[in-house]
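To keep things clear, I will list the structure first and then write my remarks on it.
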Amino acid sequence: RLVDIKSIHEDYRGRAGGGATSPLTAYETWRTATNVFEAMSAATAAQPVWTGPQGAERVNAWGVTANFFPLLGGQPVLGRGFLPEEDRPGSAPVAVMSHGFWQSRFGGDREVIGRTLTLDTVSYTIVGVMAPGFRTPLGFRHPDDAQVWYALGSFLGSPAGARLARYNAFWAIGRLRSGVTSAGA
(Lines give C-alpha, C1' and ligand atoms only; values in the text may rest on other atoms or scores of the structure.)
Protein backbone atom coordinates (compact mmCIF):
# COMPACT_ATOMS: atom_id res chain seq x y z
CA ARG A 1 0.00 0.00 0.00
CA LEU A 2 3.06 2.29 -0.07
CA VAL A 3 3.44 4.35 -3.22
CA ASP A 4 6.16 6.67 -4.50
CA ILE A 5 4.47 9.77 -5.93
CA LYS A 6 6.19 11.91 -8.54
CA SER A 7 5.50 14.87 -10.75
CA ILE A 8 7.85 14.90 -13.69
CA HIS A 9 8.46 18.23 -15.37
CA GLU A 10 9.16 18.10 -19.10
CA ASP A 11 12.64 19.64 -18.57
CA TYR A 12 13.69 16.70 -16.38
CA ARG A 13 12.82 13.84 -18.76
CA GLY A 14 15.85 11.85 -19.77
CA ARG A 15 18.19 13.21 -17.10
CA ALA A 16 20.28 10.63 -15.31
CA GLY A 17 19.74 9.99 -11.63
CA GLY A 18 16.17 11.30 -11.59
CA GLY A 19 13.65 9.99 -9.16
CA ALA A 20 13.35 12.73 -6.59
CA THR A 21 11.06 14.63 -8.88
CA SER A 22 8.60 16.47 -6.66
CA PRO A 23 8.96 19.99 -5.28
CA LEU A 24 7.98 20.27 -1.63
CA THR A 25 4.94 22.35 -2.64
CA ALA A 26 3.60 19.35 -4.62
CA TYR A 27 3.95 17.14 -1.55
CA GLU A 28 2.08 19.69 0.58
CA THR A 29 -0.71 19.88 -2.01
CA TRP A 30 -1.04 16.11 -2.31
CA ARG A 31 -0.95 15.67 1.45
CA THR A 32 -3.71 18.18 2.17
CA ALA A 33 -5.89 18.01 -0.95
CA THR A 34 -6.47 14.28 -1.38
CA ASN A 35 -8.40 11.72 0.58
CA VAL A 36 -6.75 8.67 -0.95
CA PHE A 37 -3.82 8.46 1.49
CA GLU A 38 -3.81 7.52 5.16
CA ALA A 39 -0.53 9.40 5.50
CA MET A 40 2.21 10.94 3.39
CA SER A 41 5.82 11.85 4.00
CA ALA A 42 8.50 13.74 2.09
CA ALA A 43 12.21 12.96 2.03
CA THR A 44 15.35 14.23 0.35
CA ALA A 45 18.67 12.40 0.09
CA ALA A 46 22.05 13.92 0.88
CA GLN A 47 25.63 12.88 1.47
CA PRO A 48 26.91 15.38 4.03
CA VAL A 49 30.29 15.20 5.70
CA TRP A 50 30.11 13.82 9.23
CA THR A 51 32.83 15.09 11.51
CA GLY A 52 33.55 12.69 14.33
CA PRO A 53 36.41 11.68 16.64
CA GLN A 54 38.02 9.57 13.90
CA GLY A 55 37.95 12.41 11.36
CA ALA A 56 35.59 13.36 8.55
CA GLU A 57 33.68 11.10 6.16
CA ARG A 58 30.67 11.28 3.85
CA VAL A 59 27.54 9.60 5.15
CA ASN A 60 24.23 8.68 3.52
CA ALA A 61 21.59 10.87 5.09
CA TRP A 62 17.93 11.70 4.60
CA GLY A 63 16.08 14.88 5.46
CA VAL A 64 12.56 13.69 6.31
CA THR A 65 9.23 14.95 7.56
CA ALA A 66 8.27 14.05 11.11
CA ASN A 67 5.83 11.31 10.08
CA PHE A 68 8.43 9.42 8.01
CA PHE A 69 9.17 6.70 10.57
CA PRO A 70 5.53 6.03 11.57
CA LEU A 71 4.51 5.91 7.88
CA LEU A 72 7.09 3.19 7.24
CA GLY A 73 6.46 1.36 10.52
CA GLY A 74 9.82 2.36 12.03
CA GLN A 75 10.29 2.37 15.79
CA PRO A 76 13.45 3.64 17.47
CA VAL A 77 15.19 1.20 19.82
CA LEU A 78 16.57 4.15 21.74
CA GLY A 79 15.15 7.64 22.13
CA ARG A 80 12.43 8.85 19.77
CA GLY A 81 11.61 9.76 16.20
CA PHE A 82 10.76 13.29 15.05
CA LEU A 83 8.03 15.53 16.49
CA PRO A 84 5.53 17.46 14.30
CA GLU A 85 7.00 20.80 15.42
CA GLU A 86 10.36 19.70 13.99
CA ASP A 87 8.83 20.01 10.49
CA ARG A 88 8.67 23.80 10.84
CA PRO A 89 11.40 25.80 9.08
CA GLY A 90 13.89 27.07 11.61
CA SER A 91 13.25 24.35 14.20
CA ALA A 92 16.17 23.00 16.21
CA PRO A 93 18.37 20.55 14.24
CA VAL A 94 17.71 16.99 15.40
CA ALA A 95 18.81 13.62 14.00
CA VAL A 96 18.12 9.91 14.30
CA MET A 97 20.88 7.37 13.57
CA SER A 98 20.66 3.96 11.98
CA HIS A 99 21.43 1.06 14.28
CA GLY A 100 24.56 0.19 12.25
CA PHE A 101 25.89 3.77 12.38
CA TRP A 102 25.27 3.90 16.12
CA GLN A 103 27.14 0.62 16.62
CA SER A 104 30.09 1.39 14.33
CA ARG A 105 30.63 5.09 15.08
CA PHE A 106 29.39 5.38 18.66
CA GLY A 107 30.14 1.87 19.93
CA GLY A 108 26.48 1.29 20.81
CA ASP A 109 26.76 3.85 23.63
CA ARG A 110 23.28 4.06 25.23
CA GLU A 111 24.13 7.56 26.50
CA VAL A 112 24.23 8.93 22.93
CA ILE A 113 20.78 10.57 23.16
CA GLY A 114 21.21 14.31 23.63
CA ARG A 115 24.75 14.37 22.23
CA THR A 116 25.52 16.15 18.97
CA LEU A 117 26.27 14.88 15.49
CA THR A 118 27.92 17.35 13.07
CA LEU A 119 26.88 17.13 9.41
CA ASP A 120 28.33 19.74 7.02
CA THR A 121 29.13 22.07 9.96
CA VAL A 122 25.58 21.88 11.41
CA SER A 123 25.30 20.33 14.87
CA TYR A 124 22.27 18.06 15.22
CA THR A 125 21.06 16.83 18.59
CA ILE A 126 20.73 13.05 18.51
CA VAL A 127 17.17 12.13 19.54
CA GLY A 128 16.97 8.48 18.49
CA VAL A 129 18.47 5.28 17.15
CA MET A 130 16.41 3.17 14.74
CA ALA A 131 15.87 -0.58 15.06
CA PRO A 132 18.41 -2.74 13.18
CA GLY A 133 15.89 -3.92 10.57
CA PHE A 134 14.58 -0.48 9.54
CA ARG A 135 15.02 0.31 5.84
CA THR A 136 14.46 3.46 3.81
CA PRO A 137 12.80 2.27 0.59
CA LEU A 138 14.23 5.02 -1.62
CA GLY A 139 17.51 6.22 -3.05
CA PHE A 140 21.13 5.16 -2.70
CA ARG A 141 22.19 1.73 -3.95
CA HIS A 142 20.62 -0.31 -1.20
CA PRO A 143 17.68 0.62 1.06
CA ASP A 144 19.77 -0.10 4.15
CA ASP A 145 22.48 2.40 3.17
CA ALA A 146 20.85 5.21 5.16
CA GLN A 147 23.02 6.10 8.16
CA VAL A 148 21.39 9.26 9.50
CA TRP A 149 18.00 10.94 9.18
CA TYR A 150 17.48 14.59 10.10
CA ALA A 151 14.23 16.50 10.56
CA LEU A 152 13.49 18.68 7.53
CA GLY A 153 12.42 21.74 9.54
CA SER A 154 15.86 22.95 10.55
CA PHE A 155 17.19 22.28 7.05
CA LEU A 156 14.33 24.16 5.35
CA GLY A 157 15.13 27.16 7.52
CA SER A 158 18.57 27.39 5.89
CA PRO A 159 19.25 29.18 2.55
CA ALA A 160 20.21 25.87 0.88
CA GLY A 161 17.06 24.18 2.16
CA ALA A 162 14.81 27.03 1.03
CA ARG A 163 16.30 26.78 -2.48
CA LEU A 164 15.92 23.01 -2.53
CA ALA A 165 12.27 23.20 -1.48
CA ARG A 166 11.45 25.17 -4.67
CA TYR A 167 12.89 22.55 -7.00
CA ASN A 168 12.27 18.91 -7.77
CA ALA A 169 14.36 17.41 -5.01
CA PHE A 170 11.93 15.43 -2.85
CA TRP A 171 10.47 11.98 -2.80
CA ALA A 172 6.85 11.83 -1.70
CA ILE A 173 5.70 8.56 -0.14
CA GLY A 174 2.07 7.77 0.58
CA ARG A 175 0.21 4.94 2.26
CA LEU A 176 -3.02 4.27 0.36
CA ARG A 177 -6.25 4.17 2.31
CA SER A 178 -7.92 0.78 2.48
CA GLY A 179 -9.74 0.04 -0.77
CA VAL A 180 -7.85 2.62 -2.86
CA THR A 181 -5.72 1.31 -5.73
CA SER A 182 -2.58 2.99 -7.00
CA ALA A 183 -4.38 3.64 -10.32
CA GLY A 184 -7.24 5.23 -8.40
CA ALA A 185 -4.86 7.39 -6.44
Side-chain angles (χ1 to χ4, degrees), residues 20 23-25 27-28 31 39-140 142-167 169-173:
L24 196 56
T25 54
Y27 157 74
E28 289 293 343
R31 187 179 63 78
M40 288 186 76
S41 183
T44 188
Q47 290 187 306
V49 173
W50 170 62
T51 307
Q54 299 89 355
E57 67 176 282
R58 288 219 174 267
V59 296
N60 293 331
W62 283 94
V64 300
T65 53
N67 61 346
F68 182 79
F69 297 122
L71 175 74
L72 297 176
Q75 292 291 324
V77 293
L78 192 62
R80 63 171 176 85
F82 300 125
L83 304 173
E85 56 268 23
E86 292 164 343
D87 275 345
R88 293 189 200 113
S91 62
V94 293
V96 172
M97 296 184 291
S98 73
H99 192 271
F101 189 79
W102 173 56
Q103 290 291 318
S104 65
R105 305 318 191 286
F106 291 85
D109 181 359
R110 298 191 63 78
E111 301 298 317
V112 73
I113 303 301
R115 290 175 47 193
T116 59
L117 174 76
T118 303
L119 303 173
D120 283 348
T121 71
V122 176
S123 291
Y124 292 83
T125 300
I126 300 167
V127 297
V129 175
M130 287 308 292
F134 181 77
R135 304 288 183 259
T136 299
L138 305 165
F140 302 123
H142 303 287
D144 58 348
D145 282 348
Q147 296 168 295
V148 177
W149 297 268
Y150 55 89
L152 269 178
S154 63
F155 176 70
L156 293 176
S158 72
R163 268 193 315 279
L164 188 64
R166 289 191 301 262
Y167 299 103
F170 290 86
W171 276 266
I173 308 161

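Between the NE2 atom in H99 and the CG atom in L78 there is a gap of 9.0 Å [rounded to 0.5 Å]. Q47 CD to D120 CG: the interatomic distance, rounded to the nearest 0.5 Å, is 10.5 Å. Here CD1 of I173 is found 5.5 Å from OG of S41. Values are rounded to the nearest 0.5 Å. A distance of 10.5 Å separates CH2 in W149 from CG in N60, rounded to the nearest 0.5 Å.
Counting heavy atoms from C-beta outward, F106 and L117 have side chains that approach closer than 4.5 Å. When side chains are defined from C-beta on, D87 does not count as touching F82, because their heavy atoms never get closer than 4.5 Å. Proximity of V129 to P76: side-chain heavy atoms (C-beta onward) are nowhere separated by under 4.5 Å. Annotation: side chain of Q147 is in contact with side chain of R105 (closest heavy-atom distance under 4.5 Å).
The nearest pair of heavy atoms linking G79 to I113 is CA-CD1, 4.0 Å. The two residues W62 and A146 have their closest heavy-atom pair at CD1-CB, 3.6 Å. Between L72 and R135, the shortest heavy-atom contact is CD1-O, 4.4 Å. When all heavy atoms of A95 and Y124 are compared, the closest pair comes out as CB-CB, 3.8 Å. For D109 against W102, the heavy-atom pair with the smallest separation is O-NE1, 2.9 Å. G81 and E86 make their closest contact through O-OE1, 4.5 Å (heavy atoms, listed as atom of the first residue, atom of the second, distance).
Applying the 6.0 Å contact sphere to CD of E111 captures no more than 12 heavy atoms from other residues, nucleotides or ligands. Residue R115 places its CZ atom among more than 12 non-hydrogen atoms of other residues, nucleotides or ligands, all under 6.0 Å distant.
With ring centers used as reference points, F101 lies under 6.0 Å from W50.
The main-chain N or O of G63 is never found under 3.5 Å from a side-chain atom of T44 such that the two would form a donor-acceptor pair.
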